[in-house]
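Since the structure comes first, as structure tokens, the remarks are kept for the end.
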Amino acid sequence: MTDATQSDTAFRPKPSLPPPANTVGVVGWLRKNLFGGPIDTILTLLGVYLLYLIVQFAVEYGIINAVWTADTYRECLDINLGEGACWAGIGAWFNSMMYGRYPDEEQWRVNLGGIILLLWLIPFWLPKVTGKIQVGMSAVLTFPFLAASMFIGGDTGIFLHVMASIALTLFVAVWLHVAACYVLGRSLPELLISITGFTDKDDRLHKYVLLGAFAVGFVIALIYHMSWDLVEVQTTIWGGLFLTLVISGIGIASALPNGILLALGRRSKMPVIRVFCTSFIELFRSVPLITILFMAVTMMPLFLPVEFNPPKLAMVIVAVCIFAAAYMAETVRGGLQAVNKGQYEAAQSMGLSFWKMMALIVMPQALKLMIPNIVGSFMGLMKDTTLVSIIGLYDILLMGKAAGQNPSWLGFHTEPLLFTASIFFVLCFAMSKYSQHLERTIGGGYGRR
Amino acid sequence: MSAVDKAVPRRDARSISEIVNDERFRSIFYQIIVAVAVIWTAQYLITNTAENLQARGMSTGFEFLSSTAGFSIAWSIIDYEAGDTYFHVYLVGIANTLIVSFFAIIATTLLGFVVGVMRLSSNFVVAQIASAYVEVMRNVPLLLHILFWFTLSSALPSPKQSLGWLDSFFLNNRGLYVPAPVPGDGFDIVIIMVLIGIAVAYGVTVWATKRQMATGQRFPAFWTGVGLVVGLPLLAFFALGAPLTFDYPALKGFNFQGGADVPRAFCALLFALVLYHTVFMAEAVRAGILSVSHGQTEASYSLGLKPSWTLRLVVIPQAMRAVVPPMISNWMNVVKNSSLAIAIGYPDLVAVFMQTSLNQSGHAIEIVAMVMLFYMTVSLTISAALNYYNKLVQIKER
């Protein structure tokens with residue numbers, strides 16, 4: 001009885017009315033985002049008109065009036081009267097803008113080097129692969145030597161032979177490791193240990209197995225590398241996008257380790273080290289890159305012994321590395337400051353040494369927080385690499401300029417710039433999107449709500 | 001007593017491992033190693049440099065600064081003639097760098113605020129246009145922007161067909177021509193009036209703030225200040241009979257005479273710097289506004305503040321805390337990046353001093369040091385000001 005009355009009189013909400021027709025769906029979206037009021041409407045119309053003008057110009061210049069086949073710039077102008085782009089010139093100069101004056105029949109070396117680097121980095125994106133940090137470190141630390149011995153060629157000297165062979169060994173090991181992870185579900189070290197029957201032995205003996213396997217691989221790689229017979233290609237004729245990527249690649253790879261060391265030095269309690277790191281960072285951060293480059297090419301020859309005459313490229317790379325390290329140091333320092341003091345204290349109270357505290361507790365958090373800034377400075381470095389054209393290295397920008405000074409392409413200036421701009425846009429845009437993706441997947445969890 | 005004495009380990013009895021593991025010992029040891037390494041490297045470099053200079057028969061020292069430079073400079077904001085000294089070249093370079101940076105900074109800041117607010121607009125088209133602008137501009141190197149606009153500006157009409165505006169501004173493929181102000185007698189009094197106006201306005205603001213703190217009564221200090229700073233000089237200007245005339249540029253023969261001219265390279269550089277750096281300013285503004293949580297606005301409304309007061313007293317002061325540091329480092333980057341002028345032949349400090357003067361005189365070390373000194377002075381001054389501001393507005397924490 002009581003139950004029935006209660007359920008009869010209980011508050012029973014009516015189903016909600018549907019929202020007004022003009023606030024949902026396409027109409028609602030339009031009203032909210034485009035035509036919210038008179039000013040909004042005017043802005044929208046102006047914006048659409050502006051877009052129309054830009055698109056119209058781009059289509060006319062880049063497609064309708066563009067010339068796709070011609071042998072000289074004059075031919076292009078005769079066809080379209082300068083009303084459209086001359087993409088034919090890009091076709092004619094494409095190879096130069098990619099490789100500079102690197103000999104045509106040797107360009108496979110550059111391509112192969114690029115492919116090896118890509119293959120080396122692919123395991124990063126494979127979810128089942130373990131030990132990604134080791135994979136990355138092996139690539140960053142040894143690939144430059146392999147690349148140097150491939151790109152320069154000739155008689156490389158014993159040091160490059162050894163380093164390149166180590167790189168080859170590690171590269172093969174990384175892909176064996178990937179195969180082991182996917183086929184057998186175990187890492188390469190585990191596999192080697194179980195094959196040789198060391199599983200039951202003392203843990204300390206395991207590293208001998210790995211060292212032995214590495215030594216065998218190294219000897220094979222060294223013999224193989226010694227058998228290489230590559231024509232020498234002087235660095236002075238390197239150029240184009242290849243040169244841009246070499247300089248920025250080395251700068252990027254060296255920036256993070258050097259930057260971390262400098263940042264730690266700046267926060268150190270030891271006054272000598274702190275003063276040294278602080279003045280290094282402040283000096284190179286407060287001057288423009290172009291002055292550092294000028295310093296490198298005019299002053300570095302004076303600093304070095306008389307008989308020692310390094311190529312310009314080497315001096316430029318040193319300058320770029322110094323510059324990149326100083327900037328990265330400040331980024332890393334920002335991350336270190338953002339890590340809660342309690343984390344340092346907790347790590348110390350667990351009895352971790354300074355380096356263990358940094359490597360296991362602080363750095364992972366600091367670097368995660370700083371992903372957008374770190375990628376931002378990588379992008380900045382890549383863009384800044386174009387400055388080497390000012391001191392006369394034939395990077396992609398100067399190669400494009402050279403195209404416009406060639407007798408049969410005289411005046412061909414705008415298109416190489418547009419082409420270069422689009423290459424940088426693609427590279428940098430991809431980097432920033434990837435950084436946003438990283439931020440979403442691994443950057444969260446700490447310091448965010 | 002003797003038992004206690006025994007229990008305390010004596011200092012000189014420490015084993016080697018104790019010393020090696022002592023933090024103080026290690027710290028001193030590492031510092032000595034670093035100091036020795038730095039000193040040794042410096043000494044090595046200095047010895048090499050001395051040997052190199054001797055081998056090449058080059059002299060060192062700053063005496064060359066007082067010798068004649070002997071080359072001409074395409075355009076300078078301060079007077080320069082081919083017979084002037086290298087030190088004068090240095091000053092010309094600094095002035096040219098500062099003038100282009102100054103205009104670039106002002107335009108960047110204003111445009112950056114507009115684009116930043118546009119990106120947050122509720123209007124879809126406006127927001128998307130602003131985002132597209134940001135993405136396109138920031139993913140292309142600045143040097144490319146500069147070269148691109150410089151190349152495009154060569155397609156401007158010749159002086160005879162100049163683009164004119166009001167018959168006093170002309171743009172052609174040589175540069176921009178604007179009327180030059182010519183101060184007459186007594187114009188300095190107007191300038192003095194501006195300074196007096198600023199001083200009095202500052203005094204009024206301080207007084208008004210004090211009175212409001214003490215009594216709660218408000219005083220329209222801002223508008224009084226504007227009246228003082230603008231009104232006083234205007235009064236003086238007209239009382240003295242408008243002592244300012246303009247020298248208008250006019251086409252004579254193949255080029256413009258009179259007025260003030262800025263070269264094409266200046267225009268292209270300024271345009272590219274503004275386009276590129278506006279992006280970073282806009283991002284700073286956007287991040288700053290987003291950093292103020294909506295709760296602050298709501299709290300302010302619930303206290304009964306009008307929307308305009310909420311914006312002025314609650315939102316903007318908090319947003320500024322996040323906007324100002326990146327804004328100032330952006331300004332610093334403008335000054336540094338103006339050095340790319342060298343690529344298009346605008347005679348800035350790096351172009352006239354680090355390139356032309358260095359090639360002519362061969363004093364690499366002195367010249368590089370002087371150029372670096374200038375840039376370091378600018379950056380360190382700006383960052384000192386920034387640190388002071390940060391201390392001022394910091395939220396006090398543990």
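Every chain is numbered from 1 and lettered A, B, ... according to where its sequence line falls, protein lines coming before strand lines.
- Ion pairing between A:Glu330 and A:Arg333 holds under the 4.0 Å rule for side-chain N and carboxylate O.
- Figure legend: cation-pi geometry between B:Arg138 and B:Tyr276 absent, as NZ or CZ is not positioned both under 6.0 Å from the six-membered ring centre and within 45° of its axis.
- Most heavy-atom pairs under 4.5 Å with chain B, from the set A:Asp40, A:Ile273, A:Ile290: that is A:Asp40.
- Of the listed residues A:Pro301, A:Ser389, A:Ser422, A:Ser432, the one with more heavy-atom pairs under 4.5 angstrom with chain B than any other is A:Pro301.
- No other option in A:Leu283, A:Leu304, A:Leu51 has as many heavy-atom pairs under 4.5 Å with chain B as A:Leu304.
- Relative orientation of the A:Trp29 and B:Phe124 rings is perpendicular, given thresholds of 30° and 60° on the angle between their planes.
- Looking at A:Leu397, the atoms closer than 4.5 Å to chain B (heavy atoms on both sides) all sit in the side chain, from C-beta outward.
- Neither the backbone nor the side chain of A:Lys269 has a heavy atom closer than 4.5 Å to any heavy atom of chain B.
- Residue A:Phe429 touches chain B through both its backbone and its side chain, counting heavy-atom pairs closer than 4.5 Å.
- Listed for the B:Thr356 side chain is no donor-acceptor partner under 3.5 Å among the backbone atoms of B:Phe353.
- Residue contact with chain B, scored on non-hydrogen atoms closer than 4.5 Å, involves the side chain of A:Met379 exclusively.
- Between A:Phe412 and A:Trp409, the two ring planes are tilted [angle within 30° to 60°].
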